[in-house]
Amino acid sequence: MSPFSGMSNVPFMILAHGGARSEALAQLHKKQPILRTGPNTLSFGSVLAIKDIYGHGTPCLKDESYILTAGSHYHLADVIDRADHSQKRRVLSAAYAIKNLQEWEFKVVDKVNRLFKKFDSCCTDPLPKGQIYPDPQDVNIDYRQWTNYFTLDAITDIGLSESLGLLDQGHDIVTARGRDGTTFEADIRQSLYPTARKQSLLIWSYGHYKLLDRLSNIIPFYRRMSESAVKWEAIVSECCSRRLERYKAGEKQDDFFQSLMETKNGDPNNLPWGEVVAEVNIMMNAGSVTTAIAVTNILYELLKHPQVLSRLREEIDAILDPDEVVAPYSKVKNLPYLRACLDESLRLQPPTPHGLPRKTPPEGLHIMGQYVPGNTTVSMSALVAHRDESVFPEAHKFIPERWLGEKGKSLQSSFITFSTGARGCIGRNITYLEQAILIASIVHRYEFALPKGFKLKRLETMNHILGEMPAPHLRDSLSISFGRPIYTQPDGNATPPYFQPVLDLPAIPVSGLAGTVVTNMSTLAAKSATLYMTATATFKPTEAMIKEAYAAFNKPIPQVKNVTRTSWAPNLEPLPPHMYGAQDGSDANALGLTGEGGRPLVVCLILPLWPDANQNGQVY
Ligand code: HEM
């Protein structure tokens, strides 16, 4: 890598301080399949090395960097010895088993609902036609931060049946418990991220790491990172203590903690308490950071590739009911294009790009056909592997289509976002559950927009930590905009200010339903609505009708400034009583036009007289 790499790890440490070492390695590997990154460390640059280094049956073990960064007890991810690892994995496989997905789903759904409460409150008008970038005052939320709250809340509920409550409280300050038992407040993300950052800067010194770690605390930049590690441990400790109390009180939960404490038959596992805490630690850490990065990356890519977003939306909208808010996993888990989008984003920007270090056996090993001496640290970054053009042509581009069909399946053996072999990620099913539900639900419900010139910042620690993603959420339900917000309070029997333009929309005849129009409000106001009311029960718009209606509606209508993603369905909509209320006893509703997903295109205002007080002031 550098002329000095054979003598010292310092060049690699300098590279690490730049915060993008895997990107740098990917560049260097374009010329050299094998790079010497330190006196005893090699980096590989071809997918051919994956099987030798990480595959099932590899004689390589995790190297001593895992020991150097371990806490008082090993957890599943940092234990090295093969037998110890198998033993742990056996106990934990019950906790992470795929059959548990069903039990976890309602927890994920609950968190999506809480996240959407926040998103809904931040919705702005859709962008006027022709405008690509949002107005600065509308950029009102950091998507990355809120989805990190989502993954933290979700994994703590899945693992401990504990509520961190970050999505409800809107910040991540929680109670932590120090080693002396005293409690204090600590902010989770500021405690979690700097810990890994410090390790990623200094670990390369191997034998000198412990000393360097201590000495570096003289410098405030490093000292602050060490302090955060203590806070993170204290947060985990408090979560575990609370759950232990409930366990001791006899509470049974189908969660990860229960599986750590006892077998399915109720026999105690008798793990030392330090080990239980260590397992919870890695679950909360690996189980939140990576998925948060993944769901930010995927939305970022979708927004940069509108044609991909639109294809994905078509796939999702076709299987979700129009008013379905949270996508059930059973409906979305096998959607090929959704999975292709998730995998392509995980390929292009693996959340853990760190070249996972493995040690060759004492007798040495052939990697990519080259002999590598024993006890050498070897690694291949997922980011480097995924830029291998021989397997992933146009590797730097976001092309979900590459994952479709048989050809797509054959790429899986070169996809190492979750590593592979015996030490591959055990939380893979959990993250796909979370990602598929969240992303499908988001795509179904919202439009997003990024500020002009926005580029997502990345900082490589062991994971690829992301900067802010300020993406305003544009309420899709207001698919027609009149250039002003449509939030209007009802005012007696007066025609509401934004109602008049809707009255003037053209009526659209419906093919195949003689005498019926997908109507506008003025038609309804002028005629008896009985016809339309009857039609509602049987009317199912065909694709042809939708196209016809869409074409009709695309004719210029002066009052309407913007129409987006129009599709049509009948819907019962309230009308002001002076227009409709007295007719035929059908005093509450009229047939109206609705936008995609059954969300109304037509603005209807609920009057104060409305029978259900909860509906007063409701906005459609
Ligand atoms: C997009 C999400 C995720 C990514 C990219 C990811 C990536 C990885 C990678 C690369 C490894 C190998 C680490 C190594 O060799 O040092 C790993 C292992 C592991 N992951 Fe994940 N992970 C994700 C989600 C999760 C989740 C949700 C959990 C837990 C709830 C989890 C828990 C673990 C554990 C415990 C290990 C150690 C497994 C072992 O050594 O047997 N991960 N993960």
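When a ligand or atom number is given, it counts from 1 through the structure's own listing order. The analysis underlying the following values was restricted to heavy atoms, covering all of them including side chains, and did not include hydrogens, waters or symmetry mates. Residue numbers run from 1 in the order of the sequence given.
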**Report entry** Atoms of ligand 1, numbered as shown, that sit under 4.0 Å from any heavy atom of R358
**Finding:** 14 (C), 15 (O)
Query raised in the report: Would you call the rings of Y143 and F119 parallel, tilted or perpendicular if under 30° counts as parallel and over 60° as perpendicular?
Result: parallel
Query raised in the report: When you measure from atom 24 (C) of ligand 1 to every protein heavy atom, which one gives the shortest distance, and what is it?
Result: T290 OG1, 3.4 Å
Query raised in the report: Between K62 and ligand 1, which part of the residue brings a heavy atom under 4.0 Å of the ligand: side chain, backbone, both or neither?
Result: side chain
**Report entry** Per-atom contacts, ligand 1 versus Y66 - under 4.0 Å to a heavy atom
**Finding:** 14 (C), 15 (O), 16 (O)
**Report entry** Sub-3.5 Å N/O-N/O distance, R423 and ligand 1
**Finding:** yes
Query raised in the report: Between Q199 and T69, is any side-chain donor less than 3.5 angstrom from a side-chain acceptor?
Result: no
Query raised in the report: Roughly how far, to the nearest 0.5 Å, is the CG atom of D255 from the CD1 atom of I158?
Result: 10.5 Å
Query raised in the report: Any idea which of S345, G427, A382 brings a heavy atom closest to atom 28 (C) of ligand 1?
Result: G427
Query - Protein heavy-atom partner closest to atom 22 (N) of ligand 1 - residue, atom, separation in Å - result: C425 SG, 3.1 Å
Query - Numbering as shown, the atoms of ligand 1 that approach Y96 to under 4.0 Å (heavy-atom distance) - result: 29 (C), 30 (C), 35 (C)
Report task. Using a strict cut-off of 4.0 Å, indicate which atoms of ligand 1 neighbour a heavy atom of A286. Result -> 24 (C), 25 (C), 26 (C), 31 (C), 32 (C), 42 (N)
**Report entry** Distance-only polar pair, side chains of Q258 and E262, donor-acceptor under 3.5 Å
**Finding:** yes
Query raised in the report: Less than 4.0 Å between a side-chain N and a carboxylate O, is that true for K62 and D78?
Result: no
Report task. Examine the side chains of Y206 and D63 and answer whether a donor and an acceptor come within less than 3.5 Å of each other. Result -> yes
Report task. Specify the protein heavy atom at minimum distance from atom 34 (C) of ligand 1: its residue, its atom name, and the distance to 0.1 Å. Result -> I426 CG2, 3.7 Å
Query raised in the report: Hey, is ligand 1 close enough to Q435 that some N/O pair sits below 3.5 Å?
Result: no
Requested in this report: Evaluate the ring planes of Y432 and F418, with Trp represented by its six-membered ring, and classify them as parallel (under 30°), tilted (30 to 60°) or perpendicular (over 60°).
Outcome: tilted
Report summary line: of all protein heavy atoms, closest to atom 1 (C) of ligand 1 is T431 OG1, 3.5 Å
Report summary line: Within the 4.0 Å heavy-atom cut-off, what L92 brings close to ligand 1 is neither
Requested in this report: Within a distance under 4.0 Å of any heavy atom of I430, pick out the atoms of ligand 1 and give their elements.
Outcome: 30 (C)
Query raised in the report: Aromatic rings H17 and Y222: how do their planes relate, parallel, tilted or perpendicular, breaks at 30° and 60°?
Result: perpendicular
**Report entry** Salt bridge E434-K111, side-chain N to carboxylate O under 4.0 Å
**Finding:** no
**Report entry** Part of R89 with heavy atoms under 4.0 Å of ligand 1, whether side chain, backbone, both or neither
**Finding:** side chain
Query raised in the report: With a cut-off of 4.0 Å, which atoms of ligand 1 are near a heavy atom of G424?
Result: 38 (C)
Query raised in the report: Sub-3.5 Å donor-acceptor pair from the side chain of Y337 to the main-chain atoms of R311, do we have one?
Result: no
Query raised in the report: Under 3.5 Å, is there a donor-acceptor pair linking the side chains of S43 and H29?
Result: yes
Requested in this report: Of the side chain and backbone of T417, name the one, both, or neither that has a heavy atom under 4.0 Å from an atom of ligand 1.
Outcome: both
Requested in this report: Provide the number and element of each atom of ligand 1 under 4.0 Å from a heavy atom of I155.
Outcome: 30 (C)
Report task. Find all atoms of ligand 1 within a distance of less than 4.0 Å from any non-hydrogen atom belonging to H85, and give their numbers and elements. Result -> 39 (C), 40 (O), 41 (O)
Report task. Begin from the C-alpha positions of F150 and T291 and carry the test side chain to side chain contact (heavy atoms under 4.5 Å, CB included) through to its verdict. Result -> CA-CA 10 Å; F150 163 80; T291 303; 5.5 Å; no
